Amino acid sequence: MTQQAEKKAEVRITLPDGSVREVPRGTTVRGVAESIGPGLARAALAGRVDGEMVDLKTPITADARVEIVTDRDDDALPLLRHSAAHVMATAVRALRPEAHIGFGPAIDTGFYYDFEVDRPFSTDELERIEEEMGRVVESDDPFERREVTREEARELFRDDPLKLERLEEFTEGETISVYRNGPFLDLCRGPHLPTTGRLKHFRLLHTAGAYWRGDESRQMLQRIYGTAFFSEKELAKHLERLEEARKRDHRVVGPRLGLFTIDEKVGQGLILWKPKGAVIRQELQEFISGHLTRQGYSQVFTPHIGKLDLYRTSGHYPYYADSQFPPLIESDQMERLADEGTSCSELANRMQEGEVQGYMLKPMNCPHHIRIFDSDAHSYRDLPVRLAEFGTVYRWEQSGELGGMTRVRGFTQDDAHIFCTEEQVADEINGCLELVKIILGTLGMEDYRVRVGLRDPDSTKYVGEPEQWDRAEAACRDAADRLGVPYSAEPGEAAFYGPKIDFVVRDVIGREWQLGTVQVDYTLPERFDLSYTGADNKPHRPVMIHRAPFGSMERFIGVLIEHFGGEFPLWLSPVQIVVLPISDEQAEAAREMAVELKEAGLRVEVDDRNETLNYRIRDAEKARIPYMAVLGGREVEAGTAAVRTRGAGRKQQILARDDFSARLLEKDRTRSVELALGE
RNA sequence: GCUCACGUAGCUCAGCCGGUAGAGCACUUCCUUGGUAAGGAAGAGGUCACGGGUUCGAGUCCCGUCGUGAGCUCCA
């Protein structure tokens, strides 16, 4: 043996602190941890070798950067949860040996596992599975990894058709690994905890159906969701958060505050705005409108329906027919068709062929706006033309997709269409993003992100010239850059007609919702043969930008309700002040004060009900009214009010009435989100 | 759309193994005239989502309809 060969028996590992050690080739990650210290060895859950997560048992066979993953590591939680999914599957198999296993990954909030079973899991059964999981944890079986050939794997999973299906998708030469813990074997990439005993704090949450591979044409599996943490405290905190979230849920808060209702007699997914909700919507629209005017938009109004032919031209019909309300057919045509004995499927065909005329509830506002644009001749000097409308549109969402205000069948977009020249696109996109920034900023909403949808370089489905696309995509990226919020460029996510920018916010339950969007469109101007006269006195094709920065008033206000937890700033509060006379003696003065405030332009109510002050204060707090003006004998005498601010408890401020109204008006005007009135 | 769960007074919920509905809050009336998150008393209010079925008898069991909720690949 030469010296060189001997050296090769050692590998150099670099630790995160930069120190380098030499260890025998084949030392496991656990061995490395042990060599550093017994405390670390005990805490070690997995390792990272050259950045890749591996099991503790993984031997190190070459020089590498090695890190020991403990529960303090960001990657440790998904590891724990993935193992928790296996533990759960182990328990389910113990109770239901016939269950076929699907997939069981860690997700952001925990983990799930899909099973193919002959009867769904009941809620009681979840408890039993949880108990059984306790036994699996107690047995403290090691998770053991093994790499197998495809043939071996086929044999191992011969009773698990779903796994066999996945198996067929491995490409030649791809590593196939399996993990065993006690009696349970799974096809799995890993890595895992060293043993099942490392899982301590977990909870199964709920069950749900889930299509195999998310494909609704495949069979439905039964999914069990759970979550796991490294400490009881974190688990408790998480469950508490879920509970808190439920309390902020706009579907609970909105109806309780009298903002909106959904009535099954009217229809699913159709929002009825009650007076208090209507105030919020009005205020918001007014606010947005002010900025639209400043940015050179012209507001228009268009009807809720349009001819089928219009949507044939735009391409909405029949292409999107599935997500639209069925067309309205003129009654004389209806009669004729009935006389001819036309069947439903024939009717559908003939409508698609354009032989039957009718109207459609508009699924989008653009065709109407395009017709407005096209009703005048345009010179390049007119451009950009920016047509804005709070336009109500109707879409046939699947019933299972509906929910609260965030997914509905009729909604009002803060829509606008910009018709501009190719050169103007970048500036216009910037303008759109500027608007979003101002408005979300005013509302104190910082927790949103931006997706920039770019074209898939390998696809040919896109319309428009590649150079146009390059410029438009660059404009979108630049605008997103300038916005200063997190954004992701997503190739392949562009619409076929142009790149787009989407705004995404999270609701209290952690679900992400797309709010608004800015989309560049090269195809509709083409389809509608739009043109403007250029400086060369020749016709040119304008570019269109669709933009609805808040998506819809329904969804946006739903998100707002959760953002504020129902505690709206003064300017959005349906009732801004309630005047509370202490006794009947001050009732007259209270009504006078209310008139003063109302004339000043504030929304005010008097609560002179025959109830104690305590009772009425409690009511006002629960109604989330920002200010309570208490009038007793002393205040009436002095021309003052004892002002109690929502959420501030017993702290009160004695203010001269005109001072009070002046301060509120200032807050209202500036759309302050702070309620505190200052000294 | 599909899977599961749920649907009882305006709201939140109780109602066991089938024996013809209950509480708290809200509401109405009366007493009370109050000082910063529920003063007291009385009263009214329900074809138990809707439609069928089983049964001597259904809020309760079965089927269907409507509605609501959770979820429907953050790849083994």
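Here the structure is a predicted model, which is why all the values come from computation and not from measurement. Computation of the quantities below employed the complete heavy-atom set of this structure, encompassing side-chain atoms and omitting hydrogens, waters and symmetry-equivalent molecules. Within every chain, numbering begins at 1; the chains are lettered A, B, ... in the order of the sequence lines, protein sequences first and strands thereafter.
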field: Row check, Tyr211(A) ring normal vs Arg218(A) NZ/CZ: under 6.0 Å, within 45°
entry: no
task: Please work out if Ser217(A) contacts a base, only the sugar-phosphate, or nothing of the nucleic acid, heavy-atom cut-off 4.0 Å.
output: nothing
I'd like a table of atom pairs between the protein and nucleotides 3-9 of chain B - only N or O on both sides, under 3.5 Å - with the distance next to each one.
from  : atom 1 : to        : atom 2 : distance (Å)
U3(B) : O2'    : Gln222(A) : NE2    : 2.9
U3(B) : O2     : Gly209(A) : N      : 3.2

- request: Tell me which residues in residues 267-279 of chain A put a heavy atom below 4.0 Å from RNA chain B, sorted by number, or none.
  value: Gln268(A)
query: Once the angle between the rings of Phe229(A) and His238(A) is folded into 0 to 90°, is it parallel (under 30°), tilted (30 to 60°) or perpendicular (over 60°)?
result: tilted
task: Describe the nucleic acid contact of Pro105(A) in one word from base, sugar-phosphate, nothing, applying a heavy-atom distance below 4.0 Å.
output: sugar-phosphate
message: Tell me which residues in residues 575-583 of chain A lie within less than 4.0 Å of RNA chain B, going by non-hydrogen atoms.
response: Ile582(A), Ser583(A)
message: I want to check one thing: is the phosphate of C74(B), taken as OP1 and OP2, less than 4.0 Å away from some side-chain N or O of Arg81(A)?
response: no
Leu454(A): side chain to side chain contact (heavy atoms under 4.5 Å, CB included) partners, not counting sequence neighbours: Val452(A), Glu473(A), Arg477(A), Ala489(A)
- prompt: On a whole-Å scale, what distance lies between the C1' atoms belonging to G45(B) and C16(B)?
  reply: 27 Å
query: Taking atom C1' in both G59(B) and C13(B), what distance in whole Å separates the two?
result: 15 Å
- prompt: For Val393(A), which residues count as a side chain to side chain contact (heavy atoms under 4.5 Å, CB included) partner, sequence neighbours excluded?
  reply: Lys362(A), Asn365(A), Arg395(A), Phe411(A), Gln413(A)
- request: Indicate, with a heavy-atom threshold strictly under 4.0 Å, whether Tyr211(A) touches base, sugar-phosphate, or nothing.
  value: base
Can you check nucleotides 30-32 of chain B for protein contacts, nitrogen or oxygen pairs under 3.5 Å, and list what you find?
from   : atom 1 : to        : atom 2 : distance (Å)
C31(B) : N4     : Asn610(A) : ND2    : 3.3
U32(B) : N3     : Asn610(A) : OD1    : 3.1
U32(B) : N3     : Asn610(A) : ND2    : 3.3
U32(B) : O4     : Asn610(A) : OD1    : 3.1
U32(B) : O4     : Asn610(A) : ND2    : 2.2

message: Under 4.0 Å, counting only non-hydrogen atoms across every strand here, what does Arg213(A) touch: a base, just sugar-phosphate, or nothing?
response: base
query: Is Arg657(A) salt-bridged to Glu596(A), cutoff N-O under 4.0 Å?
result: yes
query: Taking only residues two or more places apart in sequence, or in another chain, which ones meet Arg154(A) in a side chain to side chain contact (heavy atoms under 4.5 Å, CB included)?
result: Arg150(A), Glu151(A), Leu164(A), Leu167(A), Glu168(A)
- request: Name all residues meeting the salt bridge (charged side-chain N to carboxylate O under 4.0 Å, His left out) criterion together with Arg603(A); count only those two or more places apart in sequence or in a different chain, and write none if there are none.
  value: Glu283(A)
message: At 4.0 Å (heavy atoms only), tell me whether Lys651(A) reaches a base, stays on the sugar-phosphate, or touches nothing.
response: nothing
task: For Phe564(A), enumerate each residue passing the ring pair (Phe, Tyr, Trp, His ring centres under 6.0 Å) test, keeping only those at least two apart in sequence or located in another chain.
output: Phe568(A)
message: Just N and O in the side chain of Arg251(A): are any of them under 4.0 Å from OP1 or OP2 of A70(B)?
response: yes
query: For Tyr113(A) and U73(B), is the shortest distance between a side-chain N/O and OP1 or OP2 below 4.0 Å?
result: no
- request: In whole angstrom, give me the gap between the C1' atoms of G10(B) and C48(B).
  value: 16 Å
message: Counting only heavy atoms and a strict 4.0 angstrom limit, can you tell me which residues of residues 623-648 of chain A come near RNA chain B?
response: Val630(A), Gly632(A), Gly633(A), Arg634(A), Glu635(A), Ala642(A), Arg644(A)
statement: Sorted by chain and number, sequence neighbours left out, ring pair (Phe, Tyr, Trp, His ring centres under 6.0 Å) with Tyr179(A) holds for His192(A)
field: G40(B) phosphate, OP1 or OP2, under 4.0 Å from Tyr615(A) side-chain N/O
entry: no
field: Listed partners of Gln653(A) passing side chain to side chain contact (heavy atoms under 4.5 Å, CB included), at least two apart
entry: Leu655(A), Arg663(A), Leu677(A)
task: Looking at every strand, decide which applies to Arg189(A) at a 4.0 Å heavy-atom threshold: base, sugar-phosphate, or nothing.
output: base
Cation-aromatic face contact Arg81(A)/Phe202(A), 6.0 Å, 45 degrees: no
